[in-house]
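These notes concern the structure reproduced below.
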Protein chains: 2
Amino acid sequence: MAVSVTIDDVAAHAGVSIKTVSRVVNREANVSEKTRNKVMAAIEALNYRPNQAARGLAGRRSYLIGVVYDNISPNYLINLQSGMIETCHAASYGLALCPVAYAETGLVEHVMAWVRHSQVDGVLLTPPLTDCAPLLVALEKAGVPVVLVSSLGAGQVPAVVIDEVEAARQMTLHLIALGHTEIGFIKGPAAHSASQSRYEGFKAALAGAGIAINGAYVVEGRFDFDSGEIAAQRLLKGKRPTAIFASNDDMAAGVLHAAHKLGIAIPEALAVVGFDDTPISRQVWPSLTTIRQPIREMGNHAADLLLQLIAKKVLVEDGSSMVFQHGFELKVRGSSQKTSI
Amino acid sequence: MAVSVTIDDVAAHAGVSIKTVSRVVNREANVSEKTRNKVMAAIEALNYRPNQAARGLAGRRSYLIGVVYDNISPNYLINLQSGMIETCHAASYGLALCPVAYAETGLVEHVMAWVRHSQVDGVLLTPPLTDCAPLLVALEKAGVPVVLVSSLGAGQVPAVVIDEVEAARQMTLHLIALGHTEIGFIKGPAAHSASQSRYEGFKAALAGAGIAINGAYVVEGRFDFDSGEIAAQRLLKGKRPTAIFASNDDMAAGVLHAAHKLGIAIPEALAVVGFDDTPISRQVWPSLTTIRQPIREMGNHAADLLLQLIAKKVLVEDGSSMVFQHGFELKVRGSSQKTSI
DNA sequence: TTGAAAGCGCTAACAC
DNA sequence: GTGTTAGCGCTTTCAA
């Protein structure tokens with residue numbers, strides 16, 4: 001870390017006090033246009049960059065926000081991370097990573113120890129950690145600002161989401177429009193709120209179309225490839241559905257794998273659809289019909305929200321909702337109807 | 001960032017000076033066993049965690065190392081990241097991320113600006129950035145310690161790698177052992193050193209088996225799925241090879257996609273193999289024969305090496321080589337020979 | 001083997 | 001609108 005030019009150098013160069021430089025750097029009010037320009041010029045001329053350690057020490061902050069995640073889907077995560085980094089960087093903040101295993105014992109203690117150790121100013125929570133109520137309580141008690149991604153959570157925690165229920169409903173309507181009435185559904189783990197929402201949307205579409213739901217066609221997976229394959233093996237035994245809606249792409253890819261093994265033609269003998277539009281959806285054969293979420297933008301938004309919370313520019317008030325909904329898109333590909341891909 | 005207990009509290013509790021506490025925390029020599037124990041007990045009792053900002057300010061370091069990467073393969077990256085984070089965390093260091101696009105103009109300036117701004121104490125470079133000579137020069141000139149991952153680079157830069165040539169050679173021998181003599185090869189981008197090494201291994205195996213190389217069967221891709229598919233379309237037109245070795249899994253998956261479209265049976269009519277053992281290799285149909293690298297462990301090792309370089313426990317001396325080779329593993333699956341997967 | 005003093009570069013609180 | 005002063009919590013330097 002080669003830092004040489006300090007705030008004193010800039011102040012001297014601009015002929016002002018260090019406090020004024022500090023004001024300009026931190027975009028505070030009460031600096032005349034003229035002074036600001038002088039200081040900016042000095043910063044430019046000297047190529048000055050504030051020392052984060054000194055800022056943090058004096059300001060009692062770390063200029064760091066954390067993301068806690070369970071590595072379920074690398075594609076989802078990397079995209080989310082880049083969105084978050086982009087926003088953090090623009091605000092001279094850093095992003096600290098806390099990878100965990102959702103199922104591990106002592107999860108809450110692990111995360112809280114990390115929060116204390118890394119001294120982050122706030123925390124972004126991704127699914128399924130968004131659904132861990134004890135963790136939310138512990139963070140709240142510790143006074144750490146939190147923003148949830150892709151999940152509503154419980155209570156008043158700010159969140160950046162898509163309308164999962166509506167997305168799943170539209171996906172189901174797509175299958176119904178293709179003539180399917182015998183539709184299998186692979187749920188995610190019960191503990192994930194996304195599992196519930198997607199299943200709800202599925203049920204709503206069926207109900208709307210007057211199609212009775214067949215309990216034997218609904219099974220549960222773990223959101224990963226293997227569990228999708230296993231679930232499909234159960235669904236495809238004996239009398240079977242003509243379409244399967246898997247709650248995410250990884251499981252849908254597992255369904256394709258199982259169908260291939262059984263020699264079932266896709267989409268002629270079986271339509272398969274997923275959710276998330278991860279790269280795997282385009283890399284399997286045939287490509288998966290799925291739902292695209294603007295993940296990177298959601299990462300931007302979540303980080304931005306958290307920074308505002310930290311700066312107390314936005315306050316979480318009792319009774320006010322801080323849920324921000326992003327749009328989604330139905331991507332129709334070869335796994336549900338004959339196309340060129 | 002709720003930090004309350006400071007080094008003074010610990011010193012008071014243990015009945016020593018703050019310097020002694022500092023010595024214990026930093027594992028310095030010249031502290032008696034008895035004093036050390038007293039201090040450790042106090043740290044434990046008060047649940048003390050050193051303030052990174054203060055450490056950084058006083059010690060003129062950021063306690064941060066950076067990874068620069070182009071998001072080519074999320075799976076590879078997430079695994080590498082977790083390895084690096086693990087090691088960093090154990091050393092009370094943080095990991096800062098710098099995502100870039102290898103092809104962008106002003107890449108070197110971008111990275112150097114980030115290095116100055118984030119004030120990292122050292123940098124880890126992943127492929128293909130390891131092959132960007134101007135960047136290596138700029139980092140060296142700035143006096144920033146660097147470690148390369150998965151690439152030899154040029155000159156004396158420390159690196160953590162696998163023997164790519166040998167791995168590609170063994171993969172090719174596997175195909176030859178299955179009876180193939182007409183083998184197609186999809187290279188990676190010429191600018192990546194991995195592309196060269198893997199191709200070399202391929203050629204070495206053919207030469208060793210007395211098989212002449214057919215120039216028409218060697219094409220170049222960009223290490224991504226789409227380029228693999230396009231390359232396969234070319235290779236599979238007219239007289240075609242009986243096996244295709246793609247230099248990474250993403251391209252191999254693209255080959256499978258193309259073969260499926262053309263109705264070519266895998267592995268009966270065409271054997272396909274990849275490289276990297278990314279999750280996609282198990283998620284396509286049939287599963288891909290590939291080479292597994294211990295990515296996470298390489299992440300550990302690279303971070304560890306960089307920390308030693310920063311602490312000057314290890315020095316890069318002229319004439320000494322600092323290349324550390326990890327083992328690899330040939331994973332045989334259904335895309336090259338009939339198996340159950 | 002241990003400690004005292006100085007100061008890293010910045011922000012906060014308050015003065016002007 | 002601008003400047004002064006006093007630390008933030010630690011490592012460094014030097015002395016004991």
Side-chain angles (χ1 to χ4, degrees), chain A residues 1-40 42-43 46-64 92-93 116-117 119 121 310-312, chain B residues 1-39 42-43 46-64 92-93 116-119 121 310-312:
Chain A
M1 111 158 172
V3 183
S4 35
V5 19
T6 74
I7 198 170
D8 295 286
D9 302 328
V10 177
H13 189 104
V16 298
S17 77
I18 60 167
K19 179 63 217 179
T20 301
V21 177
S22 174
R23 286 200 177 94
V24 172
V25 169
N26 293 293
R27 296 179 182 75
E28 282 172 33
N30 295 334
V31 181
S32 72
E33 190 63 18
K34 204 174 136 202
T35 311
R36 179 179 306 275
N37 289 144
K38 256 195 320 194
V39 174
M40 298 282 254
I43 289 175
L46 301 175
N47 197 10
Y48 167 71
R49 294 287 171 274
N51 180 322
Q52 299 298 326
R55 293 228 282 174
L57 182 55
R60 283 133 233 239
R61 319 200 239 157
S62 63
Y63 290 93
L64 223 50
S92 284
Y93 254 77
R116 296 202 52 227
H117 184 257
Q119 295 161 5
D121 296 335
I310 290 169
K312 300 215 163 52
Chain B
M1 120 156 167
V3 185
S4 35
V5 19
T6 74
I7 198 171
D8 296 285
D9 302 329
V10 177
H13 190 103
V16 298
S17 75
I18 61 168
K19 177 63 218 180
T20 301
V21 177
S22 174
R23 285 200 178 93
V24 172
V25 168
N26 293 293
R27 295 181 183 75
E28 282 172 33
N30 294 332
V31 179
S32 73
E33 191 62 39
K34 204 175 139 200
T35 311
R36 179 180 305 276
N37 288 144
K38 256 195 319 193
V39 174
I43 289 176
L46 300 174
N47 197 11
Y48 168 70
R49 294 287 170 276
N51 180 321
Q52 298 298 327
R55 293 227 284 174
L57 181 55
R60 282 136 235 237
R61 320 201 237 157
S62 63
Y63 290 93
L64 222 50
S92 284
Y93 254 77
R116 296 203 53 227
H117 184 258
S118 64
Q119 295 160 5
D121 295 335
I310 290 169
K312 300 216 163 52

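Keep in mind the model is a prediction, meaning the values are calculated, not measured. Each chain gets a letter, A, B and so on, in the order its sequence line appears, and its residues count up from 1.
Taking atom CZ of R36(B) as the reference point, atom P of dT1(C) lies 10 Å away to the nearest angstrom. Rounded to whole angstrom, the span from the CD atom of E33(A) across to the P atom of dT2(D) amounts to 11 Å. What separates CZ of R61(B) from P of dC8(C) is a distance of 18 Å, to the nearest Å. Rounded to whole Å, the distance from CD on E28(A) to P on dA12(C) is 7 Å. Regarding Q52(A), its CD atom lies at a distance of 16 Å from the C1' atom of dC8(D), rounded to whole Å. Protein atom NZ of K38(B) is 15 Å distant from nucleotide atom P of dT1(C), rounded to whole Å.
Residue Y48(A) places at least one side-chain N or O closer than 4.0 Å to OP1 or OP2 of dC10(C). Taking side-chain N and O atoms only, S22(A) has a distance below 4.0 Å to OP1 or OP2 of dT11(C). Remark: N51(B) is not in phosphate contact with dG9(D), judged by side-chain N or O atoms under 4.0 Å from OP1 or OP2. A close approach under 4.0 Å does occur between a side-chain nitrogen or oxygen of N26(A) and OP1 or OP2 of dT11(C). Between T35(A) and the phosphate of dT2(D), there is a side-chain N or O to OP1/OP2 separation shorter than 4.0 Å. Between S32(B) and the phosphate of dT2(C), there is a side-chain N or O to OP1/OP2 separation shorter than 4.0 Å.
Of the candidates dT11(C), dC10(D), dT2(C), the closest approach to any side-chain atom of R55(A) belongs to dT11(C).
For the contact set between residues 7-18 of chain A and DNA chain D, defined by any heavy atom under 4.0 Å, the members are V16(A), S17(A).
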Secondary-structure notation, DNA chain C, from Watson-Crick and G-U pairs under 3.5 angstrom (| other strand): ||||||||||||||||
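Under the side chain to side chain donor-acceptor pair (under 3.5 Å) criterion, R23(B) pairs with no residue at all, not counting sequence neighbours. Checked against side-chain contact (heavy atoms from CB on, under 4.5 Å), A11(A) has the following partners two or more places apart in sequence or in another chain: I18(A), V21(A). Applying the side chain to side chain donor-acceptor pair (under 3.5 Å) test to N47(A) and every residue at least two apart in sequence or in another chain returns R49(A), R116(B). Applying the side-chain contact (heavy atoms from CB on, under 4.5 Å) test to N37(A) and every residue at least two apart in sequence or in another chain returns E33(A). Qualifying side-chain contact (heavy atoms from CB on, under 4.5 Å) partners for A54(A), counting only residues two or more places apart in sequence or in other chains: N51(A), L57(B).
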Give every pair of a protein N or O atom and an N or O atom of nucleotides 13-16 of chain D that lie under 3.5 Å apart, one pair per line with the distance.
none

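DNA chain D is contacted by both G59(A) and V31(A); V31(A) maps to the nucleotide lying nearer its 5′ end (nearest heavy atom per residue).
When side chains are defined from C-beta on, V24(A) does not count as touching T35(A), because their heavy atoms never get closer than 4.5 Å.
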